[in-house]
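Position 1 is the first residue of the sequence, and the numbers go up from there.
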Amino acid sequence: MKSNAGSLGDLQRAFQDYVLASGDGFQAAVRDTSKADRVTLLDVYREGYALRLIEALTTDYPGVMAMAGPADFDHMARAYIAATPSRHPSIRWYGRGLGDFLSRT
């Protein structure tokens with residue numbers, strides 16, 4: 001019996017790398033469809049993840065959002081996401097380092 005141990009885990013890690021770190025190696029594991037190419041399909045997940053984190057930051061920091069305005073807040077939030085990957089299983093704690101990030105940048 002051939003063992004495929006780790007193959008699902010490897011695929012999951014490659015997908016996570018694609019979504020979180022913008023690694024493009026996972027694209028080869030996805031097929032184009034008649035409706036969209038693989039990059040478009042995968043970018044739904046990549047952009048959706050970023051938008052969810054931006055939504056959480058907007059909810060947690062409405063004052064910063066009000067002062068910065070939507071465009072600058074989006075720019076700041078994307079910089080924070082790039083510099084500060086989520087390390088906690090709950091999104092609730094994601095923005096706790098935003099103040100330090102803003103002080104440093």
Side-chain angles (χ1 to χ4, degrees):
M1 181 169 145
K2 183 179 176 184
S3 172
N4 286 330
S7 62
L8 177 58
D10 292 342
L11 190 62
Q12 289 171 326
R13 279 185 290 283
F15 178 68
Q16 181 179 14
D17 181 54
Y18 183 85
V19 171
L20 300 180
S22 301
D24 292 332
F26 186 72
Q27 290 178 4
V30 178
R31 295 183 181 165
D32 295 340
T33 70
S34 61
K35 294 183 180 188
D37 62 84
R38 71 186 78 194
V39 174
T40 301
L41 295 169
L42 287 170
D43 280 351
V44 168
Y45 292 98
R46 184 182 276 170
E47 184 65 9
Y49 181 73
L51 290 173
R52 180 64 182 108
L53 292 176
I54 292 168
E55 179 184 19
L57 293 171
T58 302
T59 300
D60 290 347
Y61 296 96
V64 175
M65 168 63 138
M67 289 188 307
D72 286 339
F73 188 88
D74 183 80
H75 180 74
M76 177 275 309
R78 289 178 186 275
Y80 179 71
I81 291 166
T84 314
S86 179
R87 301 281 186 228
H88 197 280
S90 173
I91 198 169
R92 178 180 181 178
W93 308 113
Y94 180 65
R96 68 180 169 202
L98 184 63
D100 291 338
F101 172 79
L102 292 174
S103 293
R104 291 190 314 270
T105 57

Checklist entry - Mind checking what makes salt bridge (charged side-chain N to carboxylate O under 4.0 Å, His left out) contact with Asp43, not counting sequence neighbours? => result Arg46

Next on the checklist: Can you list everything that forms a ring-ring contact (aromatic ring centres under 6.0 Å, His included) with Tyr49? Sequence neighbours excluded, please.
Outcome noted: none

Tabulate below the donor-acceptor pairs under 3.5 Å that side-chain atoms of residues 87-94 make, not counting sequence neighbours, or state none.
residue: His88; atom: ND1; partner: Ser90; partner atom: N; Å: 3.0
residue: Ser90; atom: OG; partner: Arg92; partner atom: N; Å: 3.2
residue: Tyr94; atom: OH; partner: Thr84; partner atom: O; Å: 2.8

Checklist entry - With sequence neighbours excluded, what pairs up with Phe15 under the side-chain contact (heavy atoms from CB on, under 4.5 Å) test? => result Val19, Phe26, Leu42, Tyr45

Item to check | For Ser86, side chain to side chain donor-acceptor pair (under 3.5 Å) partners two or more places apart | outcome: none

Next on the checklist: Please say yes or no: joined through hydrophobic side-chain contacts below 4.5 Å, possibly via intermediate residues, are Ile54 and Leu102 part of one cluster?
Outcome noted: yes

Next on the checklist: Under the salt bridge (Lys or Arg N to Asp or Glu O under 4.0 Å) definition, can you give me all pairs with a residue in residues 72-81, not counting sequence neighbours?
Outcome noted: Glu47-Arg78, Asp74-Arg78

Checklist entry - Rounded to the nearest 0.5 Å, what separation is found between the CG atom of Leu98 and the CG atom of Leu57? => result 6.0 Å

Checklist outcome for this item: For residues 55-66, the side-chain hydrogen bond (donor to acceptor under 3.5 Å, both in side chains) pairs (sequence neighbours left out) are Arg52-Glu55

Checklist outcome for this item: Output for pair (Phe101 CZ, Ile81 CD1), nearest 0.5 Å, gives 10.0 Å

Next on the checklist: Suppose we screen for side-chain contact (heavy atoms from CB on, under 4.5 Å). Which residues come up paired with Ala82, at least two apart in sequence or across chains?
Outcome noted: none

Checklist outcome for this item: Applied to residues 95-105, the side-chain hydrogen bond (donor to acceptor under 3.5 Å, both in side chains) test, sequence neighbours excluded, yields none

Item to check | Inter- and intrachain pairs under salt bridge (Lys or Arg N to Asp or Glu O under 4.0 Å), touching residues 29-39, at least two apart | outcome: Asp32-Arg38

